[in-house]
Amino acid sequence: MDRCYENNFQYLLQLFFEKGNDLSWTSNINNRISVHKIGICGGMNSDVDSKEAVASYSINLTENEIRAILENWRRDLDINWGWIEEFNKLIVRYTKFLKQLKIIGKDLGNVTSVKFSIDGSRLVTSSGDKTVRIWDMSTKSEIQKFRGHSSRVLQAQFSADGFSMASCSWDKTIRIWDLVSGDVRKLTGHLNPVTAIQFSLDNKNILSSSYDTTVRLWDVKLGLETNRSQRHSYPVMDVKIPSNGQSILICLHTNIELWNGQLNEQIQQFVGHSNSVLGAEFSPDEKTILSYSADKTIRIWDIKSGKELNKLEGHTGWVVSAKFSPDSDIIASGSTDKTIRLWDAKSGDEIIKLEGHTRRITGLDFSPDGRTIISSSSDGTIRLWG
């Protein structure tokens, strides 16, 4: 890495962190740093030697971290006289998830999923040890443990109001746990393991998918199945409902399909993956979806046209989880290659690779404010990044 790049970047980054949103310090910066279209270079007409600047404004970034930020900056932007505004945006955007903040849980066995509550105050995790656990984010500690499933739990999530939690399992059942009364309701009907669940936004229904090739809709209050799809040709690996509840997203084999809310008409199909699609997510504005697959890619699709907009490549193993950030700017993905990667959602460029887990990633989620990422792994840990 060219030393002039590193020196100036360290100097400017320290100034940014010290001054925050007050950019008045930029008025006299041009006589210290010369900015060219291809990037940053220092020393020209300088009244402060760049080595002295680095000594005075050293920060705790490794060369690889600097390289990741700077190379993406140089590749994606034409930096000219308007560079300082772009610099502000880039620092906020690309340095948010550089560090592992904390290992929240250890020795938990195969943690199969992790998800924030809608207000970000709690986490729910599911595990291969047949348990579901709830964690308090203020203390980073476990506050509740639920037992009842007879086989490994594949997924768990809070209801939108936070008063209930649902889990699905290899034991073919779904369980709804009342977090206030402690009551639990068991939903039975699937003939094979239940792969995914989602509460409707009004908390009245739960949607489920299964290896039995069906998607089913359940009434939460009654605990009864109210609708189901036709039998598909392949196991259904994931299912999602948009905020308006008017359609249902289904992942099966190498395809993603959008069906109407009654599950009797296919609206759109998204074709392009070369191996099993393991899951999908709506973007926050619900105009696009992302899908992730055993073919090691993440793909972005336009919902209206069904067209593939971008393909994100870089993982060396199956991509088992991926999420849009709340502002839609970043995509986070986790893989059997033990890494979490952050991507620019528009360009498809990889921003940074996060390493720390010692076995495959099993799930991840953004906090509601987009400031942190939580990840789960078969290494028995839950890790917080920010």
Side-chain angles (χ1 to χ4, degrees), residues 113 115 154-155 157 159-160 166 168 172-174 176 187-220 222-295 297-309 319-324:
S113 74
K115 195 164 182 62
L154 299 179
Q155 199 177 97
Q157 67 169 238
S159 59
C168 62
K172 311 174 190 176
T173 72
I174 301 157
I176 303 172
L187 310 183
T188 60
H190 279 295
L191 304 177
N192 292 103
V194 184
T195 56
I197 48 173
Q198 189 182 353
F199 275 102
S200 60
L201 196 59
D202 61 9
N203 306 306
K204 294 180 179 180
N205 299 289
I206 284 180
L207 195 65
S208 64
S209 59
S210 171
Y211 282 113
D212 68 10
T213 73
T214 69
V215 173
R216 305 190 187 209
L217 190 66
W218 309 79
D219 184 289
V220 170
L222 299 176
L224 298 175
E225 179 186 319
T226 58
N227 196 10
R228 76 170 73 174
S229 70
Q230 64 187 44
R231 282 190 172 274
H232 296 279
S233 302
Y234 297 94
V236 185
M237 300 305 295
D238 195 19
V239 64
K240 291 291 187 298
I241 317 171
S243 59
N244 64 15
Q246 298 301 306
S247 58
I248 295 172
L249 195 64
I250 298 171
C251 299
L252 64 162
H253 194 40
T254 59
N255 295 342
I256 310 101
E257 298 176 356
L258 190 67
W259 288 70
N260 66 1
Q262 292 73 45
L263 289 169
N264 57 18
E265 181 183 358
Q266 182 179 309
I267 302 169
Q268 188 60 271
Q269 187 176 37
F270 310 91
V271 180
H273 282 290
S274 59
N275 206 336
S276 296
V277 178
L278 303 179
E281 296 282 340
F282 286 98
S283 62
D285 65 7
E286 298 182 348
K287 293 181 180 179
T288 60
I289 62 168
L290 66 75
S291 58
Y292 46 94
S293 169
D295 68 9
T297 71
I298 304 108
R299 304 190 190 218
I300 315 300
W301 310 85
D302 177 74
I303 291 178
K304 187 174 182 179
S305 67
K307 181 181 178 182
E308 181 181 309
L309 302 177
V319 185
V320 297
S321 185
K323 301 279 184 180
F324 282 103

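All values reported here derive from a predicted model rather than from experimental measurement. What's counted below: heavy atoms across the whole structure, side chains too, no hydrogens, waters or symmetry copies. In this chain, numbering begins with 1 at the start of the sequence shown.
Formation of a donor-acceptor pair under 3.5 Å by the S159 side chain with backbone atoms of N203 is not found in this model. Looking only at distances, no side-chain donor or acceptor of S276 sits under 3.5 Å from a matching main-chain atom of A294. Between the side chain of S210 and the backbone N or O of N192 there is at least one donor-acceptor pair closer than 3.5 Å. At distances below 3.5 Å, not a single donor-acceptor pair connects side-chain atoms of E257 with backbone N or O atoms of Q266.
Remark: N275 pairs with no residue by the side-chain hydrogen bond (donor to acceptor under 3.5 Å, both in side chains) rule, at least two apart or across chains. Under the ring-ring contact (aromatic ring centres under 6.0 Å, His included) criterion, F199 pairs with no residue at all, not counting sequence neighbours.
When all heavy atoms of D295 and R299 are compared, the pair lying nearest together is OD2-NH2, 3.3 Å. The two residues C251 and G279 have their closest heavy-atom pair at SG-C, 3.7 Å. Nearest heavy-atom pair across L252 and V236 is CB-CA, 4.4 Å. Closest non-hydrogen pair, H273 versus I256, comes out as CD2-CD1, 4.0 Å. Of all non-hydrogen atoms in E225 and W218, the two that sit nearest each other are N-CE3, 3.5 Å. Summarising the geometry of S208 relative to V194, their closest heavy-atom pair is CB-CG1, 4.0 Å, with the distance given to 0.1 Å.
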Given R231 and T214, is the side chain to side chain contact (heavy atoms under 4.5 Å, CB included) satisfied, shown in steps? CA-CA 5 Å; R231 282 190 172 274; T214 69; 4.0 Å; yes
Under the criterion side chain to side chain contact (heavy atoms under 4.5 Å, CB included), I'd like the reasoning laid out for Q269 against N255: C-alpha separation, chi angles, the key distance, then a yes or no. CA-CA 7 Å; Q269 187 176 37; N255 295 342; 3.2 Å; yes
Derivation and outcome, side chain to side chain contact (heavy atoms under 4.5 Å, CB included), residues V277 and D238: CA-CA 9 Å; V277 178; D238 195 19; over 6 Å; no
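At a threshold of 4.5 Å between non-hydrogen side-chain atoms, the residues Q198 and Q157 count as touching. Contact annotation: the side chain of W259 never approaches that of Q268 to less than 4.5 Å [non-hydrogen atoms, C-beta and beyond].
Note that the CD atom of Q262 and the CG atom of L217 stand 10.0 Å from one another [nearest 0.5 Å]. Rounding to the nearest 0.5 Å gives a distance of 7.5 Å between OG1 of T195 and CD of Q155. Separation of atoms CG (L249) and CZ (F270) is listed at 6.5 Å; rounding is to 0.5 Å. Within the model, atoms CD of E308 and OG of S291 stand 8.0 Å from one another, a figure rounded to the nearest 0.5 Å. Of the inter-residue distances, the one linking T226 atom OG1 with R228 atom CZ reads 11.0 Å to the nearest 0.5 angstrom. Rounding to the nearest 0.5 Å gives a distance of 4.0 Å between CD1 of I206 and CD1 of I176.
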Exercise answer: donor-acceptor pairs, residues 241-248 side-chain atoms, under 3.5 Å, sequence neighbours excluded:
residue, atom, partner, partner atom, Å
S243, OG, E286, OE1, 3.2
S243, OG, E286, OE2, 3.1
N244, OD1, Q246, N, 2.9
Q246, NE2, N244, O, 3.2

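Ring-plane geometry between H253 and Y234 is classed as parallel, the angle between the planes falling under 30 degrees on a 0 to 90 degree scale with a further cut at 60.
The neighbour count for K240 NZ, taken as heavy atoms of other residues, nucleotides or ligands under 6.0 Å away, is above 12.
The side-chain contact (heavy atoms from CB on, under 4.5 Å) test with L309 singles out one residue from D302, I289, L290, and that residue is D302.
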